[in-house]
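What follows is one structure encoded as structure tokens, with my remarks underneath.
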Amino acid sequence: MATGQNDPERRERIIAAALDLIAEEGVAGTSHRKVAARAGVPLGSMTYHFGGMDELLREAFTRFSDSIVAVFEERLGAASAPAEAREAVADLVHHLSGGSQRELVLTHELYTLAAREPAYRELTREWMRRSRVALERHFDPATARQLDAMIEGLSIHRALETEPHDRALTVEAIARITQSHGASS
């Protein structure tokens with residue numbers, strides 16, 4: 001394994017290892033020592049790359065939220081008409097809820113931190129803002145806010161249900177939200 005200056009990917013491995021550990025053991029079960037072992041780096045690398053556990057957690061959760069926003073931007077960016085935008089929203093619900101257990105756990109771990117810590121609340125607000133910007137390419141701001149909340153709620157419900165709802169319920173919910181406000185594209 002490369003070390004020191006010959007290991008330019010070390011910081012990235014640390015962040016990836018932190019996210020993996022958070023998904024497996026929760027924030028409370030994640031420590032510098034465990035992250036360093038998972039990333040295959042010396043413990044001293046942790047303090048070299050991050051000022052503390054809080055900085056590592058913020059960076060890891062920023063990376064995670066960026067990945068979810070990228071999915072929003074990709075799906076909604078491909079839509080060129082109102083009907084396609086509505087389909088993209090349905091796709092988001094089913095993609096996010098059908099995704100890995102890892103993403104579900106990371107989302108909830110971040111929400112729990114945000115409920116307790118203002119710095120993480122700001123991170124989640126920024127995540128929501130960016131998600132709404134992607135939605136506002138096709139929907140007015142009020143509708144985008146409602147759709148964002150619906151995407152989050154239905155995704156969580158589908159992921160946690162023993163018998164998740166089918167696409168028809170998602171499509172109906174999107175139609176109800178968008179029918180009075182309409183799409184802007």
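The first residue in the sequence is number 1, and the count goes up from there. Everything numeric here is computed off the predicted structure, so don't read it as measured data.
- Here the side chains of L123 and L113 are not in contact, with every heavy-atom distance at 4.5 Å or above.
- Taking each heavy atom of A23 and L106 in turn, the nearest pair found is N-CD2, 3.9 Å.
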Just do the side chain to side chain contact (heavy atoms under 4.5 Å, CB included) check on H49 and L56 with the steps written out, would you? CA-CA 9 Å; H49 289 287; L56 173 58; over 6 Å; no

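- Between V93 and S155 the shortest heavy-atom distance is O-OG, 3.4 Å.
- Note that CD of E161 and CG of L154 are 10.5 Å apart. Values are rounded to the nearest 0.5 Å.
- Between I22 and F64, the closest side-chain pair of non-hydrogen atoms is not below 4.5 Å.
- Looking only at side-chain heavy atoms (C-beta outward), T30 and M53 come within less than 4.5 Å of each other.
- Placement of M128 and F61 in two distinct hydrophobic clusters is found when ILVMFWY residues are connected by side-chain heavy-atom separations under 4.5 Å, directly or transitively.
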Trace of the side chain to side chain contact (heavy atoms under 4.5 Å, CB included) decision for E126 with T62: CA-CA 9 Å; E126 178 60 14; T62 297; over 6 Å; no

Might you work through the salt bridge (charged side-chain N to carboxylate O under 4.0 Å, His left out) test for E24 and R102, ending with a clear yes or no? CA-CA 8 Å; E24 291 170 16; R102 179 183 187 272; over 6 Å; no

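- Follow the hydrophobic side-chain contacts under 4.5 Å out from V71 and you reach I151 in the same cluster.
- Between the CD1 atom in I177 and the CD atom in E172 there is a gap of 11.0 Å [rounded to 0.5 Å].
- Contact check for E152 versus T107: side-chain heavy atoms found under the 4.5 Å cut-off.
- Between the side chains of R75 and H95, at least one donor N or O lies within less than 3.5 Å of an accepting N or O.
- The two residues S131 and V69 have their closest heavy-atom pair at OG-CG2, 4.1 Å.
- The shortest heavy-atom contact between R121 and A114 is NE-O, 2.7 Å.
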For E122 and R125, what are the C-alpha separation, side-chain angles and deciding distance, and is it a salt bridge (charged side-chain N to carboxylate O under 4.0 Å, His left out)? CA-CA 5 Å; E122 185 53 41; R125 281 189 204 109; 3.3 Å; yes

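- Among all heavy-atom pairs drawn from A144 and E136, the shortest one is CB-CG, 3.5 Å.
- Dense packing is recorded around CZ of R38, with more than 12 heavy atoms of other residues, nucleotides or ligands lying under 6.0 Å away.
- Between K34 and E25 the shortest side-chain heavy-atom distance falls below 4.5 Å.
- Here the side chains of V35 and M46 are in contact, with some heavy-atom distance below 4.5 Å.
- H138 approaches A79 most closely through the heavy-atom pair CE1-O, 3.1 Å.
- Contact check for P42 versus R10: side-chain heavy atoms found under the 4.5 Å cut-off.
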Report the C-alpha separation of F139 and D148 in whole Å, then their side-chain angles, then the decisive distance to 0.1 Å, and conclude whether the side chain to side chain contact (heavy atoms under 4.5 Å, CB included) test is met. CA-CA 11 Å; F139 305 99; D148 190 37; over 6 Å; no

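- Between the side chains of R167 and H94, no donor-acceptor pair is found at a separation under 3.5 Å.
- A side chain to side chain donor-acceptor pair (under 3.5 Å) with T170 is found for one member of R86, H165, R158 and no other, namely H165.
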Check the pair L76, L92 against side chain to side chain contact (heavy atoms under 4.5 Å, CB included), reporting the backbone distance first and the verdict last. CA-CA 9 Å; L76 291 160; L92 279 167; 4.1 Å; yes

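- Other residues, nucleotides and ligands contribute at most 12 non-hydrogen atoms within 6.0 Å of the OH atom of Y48.
- At a threshold of 4.5 Å between non-hydrogen side-chain atoms, the residues T143 and L135 do not count as touching.
- For H108, the NE2 atom sits in a packed shell: over 12 heavy atoms of surrounding residues, nucleotides or ligands are nearer than 6.0 Å.
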